[in-house]
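A short write-up of the structure that comes next.
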2 protein chains.
Amino acid sequence: MKPEILFRALSDATRLRCLLLMLSEESLCVCEFVHALDLSQPRVSRHLGHLRDLGIVQDERRGQWVHYRLHPDLPGWAHEVLQAVFQARDVADLRQRLAAMPNRPSVSCD
Amino acid sequence: MKPEILFRALSDATRLRCLLLMLSEESLCVCEFVHALDLSQPRVSRHLGHLRDLGIVQDERRGQWVHYRLHPDLPGWAHEVLQAVFQARDVADLRQRLAAMPNRPSVSCD
DNA sequence: TCAATATATACGGACATCCATATATCCATG
DNA sequence: CATGGATATATGGATGTCCGTATATATTGA
């Protein structure tokens with residue numbers, strides 16, 4: 001994973017918010033991202049797929065749902081980068097909208 | 001400084017190498033970047049100007065030369081991001097080419 | 001003031017990125 | 001196997017990014 005590649009991935013607000021949410025919530029399915037970020041489903045799916053293709057996140061199908069999480073093999077420096085921005089950027093609003101989502105698939109699955 | 005903005009700046013190899021060099025060498029003039037990175041002068045100048053416009057670096061004219069350094073007001077999380085990537089990316093080659101530059105302006109100025 | 005050096009900017013083309021919309025695929029369940 | 005919900009992909013247009021080349025500006029010193 002070259003640094004430029006990670007940074008380009010983080011340079012888009014949609015992808016950055018997805019990653020911060022994964023940092024905060026471990027694993028989420030697409031419809032939860034859609035709800036928390038308040039964006040269209042194709043837009044979220046495209047960005048998550050992009051992050052998967054780059055090896056930054058990992059996807060896992062659970063029946064109807066596809067869950068995304070940070071890739072377990074992410075190098076240490078990449079984790080440090082994410083942790084650093086996690087301090088700078090408030091994610092309370094994302095977590096709040098996520099918590100307010102009715103019938104969250106992750107809740108029953110976990 | 002929004003995180004997306006910093007990350008977009010870091011997503012270009014030319015700018016990233018400039019910043020890593022500044023992290024390593026404190027302050028350098030444009031011709032030293034040109035020599036160390038082995039790139040054209042307009043290309044280096046354009047990218048340094050870009051970093052200046054974003055508030056990531058600071059420039060200072062010293063006679064004929066313009067020196068660039070990391071901006072002293074750079075927020076802590078941005079420093080942490082730079083430090084994290086500093087570990088991941090080898091800068092020995094950059095420092096080596098810089099040291100091999102004949103008649104370095106910075107050396108006599110400092 | 002003129003020449004030389006250092007740096008910045010302008011221009012145009014090639015290419016990448018992002019989006020909304022529409023549609024396709026996958027899976028559970030009746 | 002038909003339906004509906006969840007997810008993925010395709011398409012086309014608007015915009016952004018990056019580059020090389022050429023040229024402009026600034027500074028120094030003769």
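All chains are named by letter (A, B, ...) in the order of the sequence lines, taking the proteins before the strands, and each is independently numbered beginning at 1. Here the structure is a predicted model, which is why all the values come from computation and not from measurement.
Counting to the nearest Å, the P atom of C:dC19 and the CG atom of A:Leu48 are 12 Å from each other. Straight-line distance from the CG atom of B:Leu39 to the P atom of D:dC19: 8 Å, rounded to whole Å. Atom C1' of nucleotide D:dC18 and atom CG of B:Leu37 are separated by 16 Å, given to the nearest angstrom. Atom pair A:Glu4:CD and D:dC18:C1' shows a separation of 15 Å (rounding to whole Å applied). Nucleotide D:dC18 holds its C1' atom 17 Å from the CG atom of B:Leu10, rounded to whole Å. Nucleotide C:dA16 holds its P atom 15 Å from the CG atom of A:Leu54, rounded to whole Å. For the pair B:Phe7 CZ and D:dG16 P, the interatomic distance rounds to 22 Å; values are reported in whole Å. Here the P atom of nucleotide C:dC27 and the CH2 atom of A:Trp65 are 13 Å apart, to the nearest Å.
A donor-acceptor contact under 3.5 Å links the side chain of B:Gln41 to the base of C:dA8.
Candidate nucleotides C:dA20, D:dT9, D:dG5 were compared by shortest atom distance to the side chain of A:Gln64, and D:dG5 ranks first. Among the nucleotides C:dC27, D:dC18, D:dC19, the one closest to any side-chain atom of B:Arg43 is D:dC19. Checking D:dT27, C:dA8, D:dT7 against every side-chain atom of B:Arg61, the shortest atom distance belongs to D:dT27. When distances are taken from the side chain of A:Pro42 to each of C:dT9, D:dT9, C:dA6, the shortest belongs to D:dT9.
Hydrophobic clustering (ILVMFWY, side-chain heavy atoms < 4.5 Å, transitive): B:Val85 and A:Leu74 are in one cluster. A:Trp65 and A:Leu48 are not part of a single hydrophobic cluster, where members link through side-chain heavy atoms under 4.5 Å apart.
Among the atoms of the strands shown, none is found under 4.0 Å from any heavy atom of B:Gly49.
When the side-chain nitrogen and oxygen atoms of A:Tyr68 are compared with OP1 and OP2 of D:dA8, one or more of them lie within a distance under 4.0 Å. OP1 or OP2 of D:dC19 sits under 4.0 Å from a side-chain N or O of B:His47.
Between B:Glu4 and A:Arg89 a salt bridge is recorded (basic side-chain N to carboxylate O distance below 4.0 Å).
A residue-by-residue look at A:Arg46 and B:Asp12 shows that A:Arg46 has its nearest nucleotide of DNA chain D further toward the 5' end. Across the interface with DNA chain D, nearest-nucleotide mapping of A:Arg8 and A:Asp59 shows A:Asp59 to be the residue nearer the 5′ end. Take the nearest nucleotide of DNA chain C for A:Ser11 and for A:Gly63: the residue whose nucleotide is more 5' is A:Ser11.
For the residue pair A:Arg15 and A:His50, a side-chain donor N or O sits within less than 3.5 Å of a side-chain acceptor on the partner.
Ring orientation note: the planes of A:Phe7 and B:Phe7 are close to parallel, at an angle under 30° on the 30°/60° scale.
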